[in-house]
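Any value given below was found using the heavy atoms of this structure, including those in side chains, with hydrogens, waters and symmetry copies removed. Counting starts at 1 for both ligands and their atoms, following the listed order. For the single chain, residues carry numbers from 1 onward in sequence order.
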Amino acid sequence: MKGPNGPKIWPIVGSLPGLLENGNRMHEWIAENLRVCTGTYQTCICAIPFLARKQGLVTVTCDPKNLEHILKVRFDNYPKGPTWQAVFHDLLGEGIFNSDGDTWLFQRKTAALEFTTRTLRQAMGRWVNRAIKSRFCPILEMAQVQGKPVELQDLLLRLTFDNICGLTFGKDPETLSPGLPENIFATSFDRATEATLHRFIIPEFIWKLKKMLGLGVEMSLSRSLKQLDNYMTDIINTRKLELMNHQNGGPQHDDLLSRFMKKKESYSDKFLQHVALNFILAGRDTSSVALSWFFWLVSLNPRVEEKILIELSKVLVETRGNDTSKWLEEPLVFEEVDQLAYLKAALSENLKTLPIGARGLKTCHF
Ligand code: HEM
């Protein structure tokens with residue numbers, strides 16, 4: 001890998017000062033460092049020799065060749081490893097984001113297979129359409145009538161959270177509802193993710209000690225994990241009963257959790273919980289951040305907005321006729337979306353241009 005010079009590394013505290021100084025402009029700071037280092041640099045959060053060896057060097061890269069090397073050509077050379085796994089274990093267990101080898105491979109294969117099935121696409125379409133029609137659009141219309149601004153980023157986060165919960169375990173928590181209610185599962189999930197990431201910036205033995213003594217962020221983490229556990233236990237127990245009833249003619253479920261449960265009956269509840277939490281982490285912020293950036297970029301480029309609208313109108317005239325009131329009756333179906341080549345290109349350009357979450361590559365490889 002080329003370009004080893006990164007941000008300044010201080011004795012003992014490593015790159016922590018730069019990290020803290022740029023806490024509110026993390027993406028810009030990382031992008032500047034990458035530019036200076038022509039695409040790749042190495043850094044370490046702690047520069048105390050024995051701890052640095054344990055915590056390891058962090059390589060930051062946006063070089064497509066390096067990404068291909070890490071994610072494809074020599075994928076096996078880059079396991080998450082014990083330090084990473086220890087940090088995430090309480091939240092993600094041995095889920096797809098926190099496992100290597102056979103445990104990872106099995107989940108990857110199951111997920112990849114499920115993502116190609118028509119029923120999963122249909123389930124995704126059903127959850128998204130229902131939320132857009134009955135909650136997202138009415139909230140926007142209401143704001144328009146009242147002449148009030150909306151926090152689009154928050155609405156999109158709520159929308160994608162509801163959708164991904166529906167898709168993952170078949171229950172829509174309706175965080176996107178009039179009045180924008182607080183939801184215990186969403187807030188616990190946010191707090192747990194934030195507290196877990198906190199572990200990355202301090203040496204392992206310190207967060208482990210804090211965990212043992214129940215101090216600071218670790219205390220809030222354990223509280224949030226308990227709440228997540230209660231919520232998920234309830235979901236899994238209900239689903240087990242429903243699956244049993246289904247064998248006797250009860251309702252059928254097509255969410256990911258049920259698919260994993262039907263694959264093998266002996267998965268522990270904890271493993272199933274982690275499978276679900278990993279998927280929620282994977283699909284929630286990524287989609288909402290991508291959409292937020294997209295609407296922001298479109299608002300800055302009226303020419304692109306116009307082209308998107310022209311393409312959309314053409315398709316809707318073909319599929320729903322000239323009466324524009326029919327255009328808004330139902331959200332688009334897959335056959336209509338498939339014809340929106342310009343919109344898809346604009347979305348891809350958006351993914352290519354702007355940072356989505358904390359990940360290196362900008363697409364899932366399913
Ligand atoms: C704009 C939206 C999204 C972006 C930008 C995105 C990006 C990524 C990236 C960069 C990776 C790591 C690279 C890889 O392993 O291929 C990844 C992995 C993953 N994504 Fe996505 N993702 C998005 C939406 C979703 C959604 C909606 C789901 C699930 C419903 C999902 C599920 C996953 C899973 C399970 C993995 C782990 C794959 C593995 O480790 O093998 N993603 N995603």
Per-atom contacts, ligand 1 versus Ala290 - under 4.0 Å to a heavy atom | 1 (C)

Give a yes or no on this: more than 12 heavy atoms of other residues, nucleotides or ligands lie within 6.0 Å of atom CE of Met26.
-> yes

Salt bridge (Lys or Arg N to Asp or Glu O under 4.0 Å) partners for Asp154, two or more places apart | Arg158

Walk me through it: do Phe161 and Phe185 pass the test ring-ring contact (aromatic ring centres under 6.0 Å, His included)?
-> CA-CA 10 Å; Phe161 185 68; Phe185 183 58; 5.7 Å; yes

Run the salt-bridge test on Asp90 and Lys211 with the 4.0 Å N-O cut-off and return the result as yes or no.
-> yes

Ligand-side contact atoms (ligand 1) for residue partner Phe279, heavy atom cut-off under 4.0 Å = 35 (C)

What part of Phe75, side chain from CB on, backbone N/CA/C/O, both or neither, has a heavy atom under 4.0 Å from ligand 1?
-> neither

Among Ser288, Ser287, Ala282, Ser99, which one has a heavy atom closest to atom 33 (C) of ligand 1?
-> Ala282

Using a heavy-atom cut-off of under 4.0 Å, does the side chain or the backbone of Thr168 touch ligand 1, or both, or neither?
-> neither

Looking only at N/O atoms, are Lys80 and ligand 1 under 3.5 Å apart anywhere?
-> no

So, Phe200 versus Phe88, ring centres under 6.0 angstrom or not?
-> yes

